[in-house]
Student: 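Before I ask anything, here is the structure I am working with.
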Amino acid sequence: MAMTSKSGNEIRSGFVNYFAQRGHSHVGSSPLVPKADPTLLFTNAGMVQFKDVFTGKEKRPYSRAVTVQKCVRAGGKHNDLENVGRTARHHTFFEMLGNFSFGDYFKEQAIDYGWEFLTGALGLPAEGLWVTIHEGDAAMGLGPDEEARTLWRRYVPESRIVACSTKDNFWAMGDTGPCGPCSEIVFDQGPAMGCGRSDCALGCDCDRYLELWNLVFMQFERSVNGALTPLPRPSIDTGAGLERIAAILQGVSSNFDTDLLRPIIRMVEELTEKPYGYDPRLDVSMRVIADHARATAFLVTDGILPSNEGRGYVLRRILRRGLRHGRLLGLKEPFMAGVTGRVVELMQGAYPELADSRDYIGRVTLNEEERFSHTLDVGLRLAEELLARYKLIDSLTVSGEDIFRLYDTYGFPVDLLRDMASERNLGLDEFDFEQKMAEQRTRARESWVGSGEVEVPARLRDLTTRLSVEPLWHQAVQAEAVVEAILVGEERRAVPALAEGEAGEILLNRTPFYPEAGGQVGDVGRLTSDGTVAEVLDTRRPVPALVLHSVRVRRGRLTTGATVHAVVDASHRKVTAKNHTATHLMHAALRRVLGDHVKQAGSLVAPDRLRFDFSHWSPLADREVERIEELVNEQVWENRTLRIEIMDLDRALSTGAMALFGEKYGERVRVVTVPDFSVELCGGTHVGATGEIGLFKIVSQGGVASGVRRIEAFTGPGAFRHVRQEEQVLAEAAERVKARPLELTEKLEKLTGTTRELEREIQRLQSRLAAGTLEGLIREAKDVDGIRVVASVVDLRDPKGMRDLGDRLREQLGSGVVILASQAGERVTWVTMVTRDLTSRLHAGHLARDLAVLTGGGGGGRPDVAEAGGKDPSRIPDALSKLPDLVRTQLNKKN
RNA sequence: GGGGAAAUAGCUCAGCGGGAGAGCAUCCGGGCGGCAUCCGGAAGGUCGCGGGUUCGAAUCCCGCUUUCUCCA
């Protein structure tokens, strides 16, 4: 069959259809942020969402699946960021086609499917295809994968089957766990596409042999000691990059020339009014922008915001790199937001979530563009100064330390600095700079602990295989239940019983206790059976099938197998529900007041308060906060009855229910509706009608991270207590200043006004007082070698007043020296002044220092004004008497 | 998670142990041919918060908060 050109969209849907027709469930792409996986920054392969399925931790209602998975490779192990744009194949964002078998079919069928899809459905020429198999590995005690070789020989001549080493053809999920040999299907593009070297062969770095599809045969389980044991039900994991396949089918030499990416480059051409394909340097920039715009659009859609940490930082780096290349192309105004818009247009068919967040992506991108241009402006100034200094001292090379400081502290791109330096005929000591970067990397790596997601402890995984829980928390607050297991300690050891006073975690066969989820804290309450009382302090659910009740036995003995009466603390549950429903109302209100870009970024629903993090750029204005409070309270006063329904996910989404990206939802979801106001997917507990909330009050508003704001609020009794407390403070404050609470502002204004008046009055009086003493002091001026010296102890305590007096004396004196001393408790303060005409001969600072030493202290200052202090007031007269000598000594030294 | 910076007038920033400043903006007065014009003057500050060192801290040290930035 002839190879036919196919669009990216056609290949994508063709792939899905092909496998769907062969019994595979079409599973949607999982978000780019993997859930509960501390090892990964981003989803970087199709199998990521099935990890737990492969290991048996999780069951799915199907045994074969097909996906088109959005993937990001940047940061972490696969760091291709610097290569993107320079090659035909590297991407930060790409789509991976994959078919999976979970203990269903194995090698034979995987190979058949792979071959048939490529040669049949896609029409790739069989004679252009090579395959690789695992050559075996003595260290692992494995021989060559003859099984795969035999199966392949049905399609491919022996000469085009190549055995490859473990490095390339053996796959493992981690140091332990499922693993197995792989087999790759490789497409030979012909010698014209190759490097032309005589030893060019499969595995060569050049573009001739393209790895198309990797089939992983998961057949072993690797234990801690490295031993491989065959899995009873081996699985299949395959992955093929959509962009590569599209490039081959569309007969283009680069992924960037496919209809998946070229339209984005076309937009860049329009923006820059420069053609693609003429200047290799510009081409790199255009490819970078196209790739990074895709990554940006998808990452932002999945809830990531540019920041200086973690995933957000990777996004920022991607975005800023794109922006840099925009500048290289001569784009001065923000442009990336527009390019991401193009990405949305192109991809929204396959990824509808893009369309929903189109404006949001644009705003986030624009915001980052503006921020980056500010960073650049500041950096440019610093860089100019730096280079000017180098020019001044005729240095030729900018030191690594300077480059590093500019980059590390101010985020100034090195390539930009390089350009600026070369314009001034300066070089960069890049070796030293790299050295410094390497040091920083080591430092950071040493303290790396994980991405923040917590892995499910192994002990609990085992339990899920034999235990499950019947959830009753939405129907009841109490129930009879059987204690299935009791776990104690960090390692969650199973014990037969807990004695009085002991603490542990209880698993019940059914429970009315709501486990912490969706930000709502777990229920508290008690478990009782005749003579035994155990207090439930918290309830959690580390894996869906297990609800752990943290208990402490208050009386009697709690044993495994016992039947207990489980009673939830209803009042705790009730106040928590108020906060949870209020959270929904606030979320809806925020979106009405601030806009649709508001998305939940974190939430805490406790019995005494609620805390809500959401994406928004600027601090909320007082008016906005008020408006949100009003909107929520209006809903409360309307006393709307909540509607809670279980429905299909698709239907829920089509009614416009708010879902959180990154949350794993089942096929059936719970939808909580406040009529005409809020619809959210939610598994939490809520009030029956909004009136129960009573009162909603926001108590604080602030930022958590760049682009994320936090609101804390109270409801019901808590809100009332808060209001009353504020009222009391207000009343007390009013009482203090003898005003009524409502007139407090006015009164305070008056008081501060009076204070200011009084302060001024004091100053006026002081200077008048000083003026009075002024003449006397001048009269008492002594003559020391022709220089008039005024010296006196004054009754002014603050140095400022003394300086003012000194200034007047100096003015009156015209030429001379002023020395003032004052005493406050056991402390001495000196102010010394020398008129300008004498500063070449006398230094006020030195006089101050000498006088201070005489009174047990130290001091100094400028030649014309200085201050000093001391701790021995009794020696002031003594010091003053020595003043003429001090002056003379200085005069003599200068002469 | 680890490192480097920053926080001073409404805004942009200088000052970096010894009298809190500049430019822009604001207000008042004057000049003027009403549109990027000048002159004079004024008002505006808990120098982020809290400790410490010092005779003395905006300035040095420590902690906290917020922001920027690099690395993971």
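Below, chains carry the letters A, B, ... as their sequence lines are ordered, and counting in each starts from 1. Only a predicted model underlies this, so the values are computations on that prediction, with no experimental measurement involved.
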Student: What base-paired stems does RNA chain B take part in, with at least 3 consecutive Watson-Crick or G-U wobble pairs and both distances under 3.5 Å?
Tutor: B:1-7 with B:65-71, B:10-13 with B:21-24, B:26-30 with B:38-42, B:48-52 with B:60-64
Student: Which one, G4(B), A5(B), A72(B), comes nearest to the side chain of D408(A)?
Tutor: G4(B)
Student: Distance-only, no hydrogens or angles: does the R788(A) side chain make a donor-acceptor pair with backbone N or O of A781(A) under 3.5 Å?
Tutor: no
Student: Which one, C70(B), A72(B), A20(B), comes nearest to the side chain of R803(A)?
Tutor: A20(B)
Student: Touch check for T375(A), heavy atoms < 4.0 angstrom, all strands: base, sugar-phosphate only, or nothing?
Tutor: sugar-phosphate
Student: Measuring from the side chain of R317(A) (C-beta onward, heavy atoms only), which nucleotide among A20(B), A72(B), U69(B) has the closest atom?
Tutor: A72(B)
Student: Quick one: does Q440(A) reach the base of G4(B) with a side-chain donor-acceptor pair under 3.5 Å?
Tutor: no
Student: Salt bridge (charged side-chain N to carboxylate O under 4.0 Å, His left out) for D408(A) and K436(A)? Distances and angles first, verdict last.
Tutor: CA-CA 10 Å; D408(A) 180 70; K436(A) 296 221 155 34; over 6 Å; no
Student: Side chain of R381(A) only, heavy atoms from C-beta on: which candidate in U69(B), A5(B), C13(B) is closest?
Tutor: C13(B)
Student: So, using side-chain hydrogen bond (donor to acceptor under 3.5 Å, both in side chains) as the criterion, who are the partners of S399(A) when residues are at least two apart?
Tutor: Y390(A), D402(A)
Student: Looking for any heavy atom pair under 4.0 Å, which part of the strands does A868(A) touch: base, sugar-phosphate only, or nothing?
Tutor: base
Student: Name the residue from I819(A), V817(A), L847(A), V789(A) that meets the side chain to side chain contact (heavy atoms under 4.5 Å, CB included) definition with L886(A).
Tutor: L847(A)
Student: Pick base, sugar-phosphate or nothing for R810(A), based on heavy-atom distances below 4.0 Å to the nucleic acid.
Tutor: base
Student: Which of these nucleotides, C55(B), G4(B), G2(B), is closest to any side-chain atom of R443(A)?
Tutor: G2(B)
Student: At under 4.0 Å between heavy atoms, what does R827(A) touch on the DNA or RNA strands: base, sugar-phosphate, or nothing?
Tutor: sugar-phosphate
Student: Do the charged groups of R381(A) and D377(A) touch, with an N to O distance under 4.0 Å?
Tutor: no
Student: Using a 4.0 Å heavy-atom cut-off, does G411(A) contact any base of the nucleic acid, only the sugar-phosphate backbone, or nothing at all?
Tutor: sugar-phosphate
Student: For D415(A), what residues pass the salt bridge (charged side-chain N to carboxylate O under 4.0 Å, His left out) criterion, not counting sequence neighbours?
Tutor: R324(A)
Student: Does a salt bridge link E434(A) with R441(A), judged by any charged N lying under 4.0 Å from a carboxylate O?
Tutor: yes
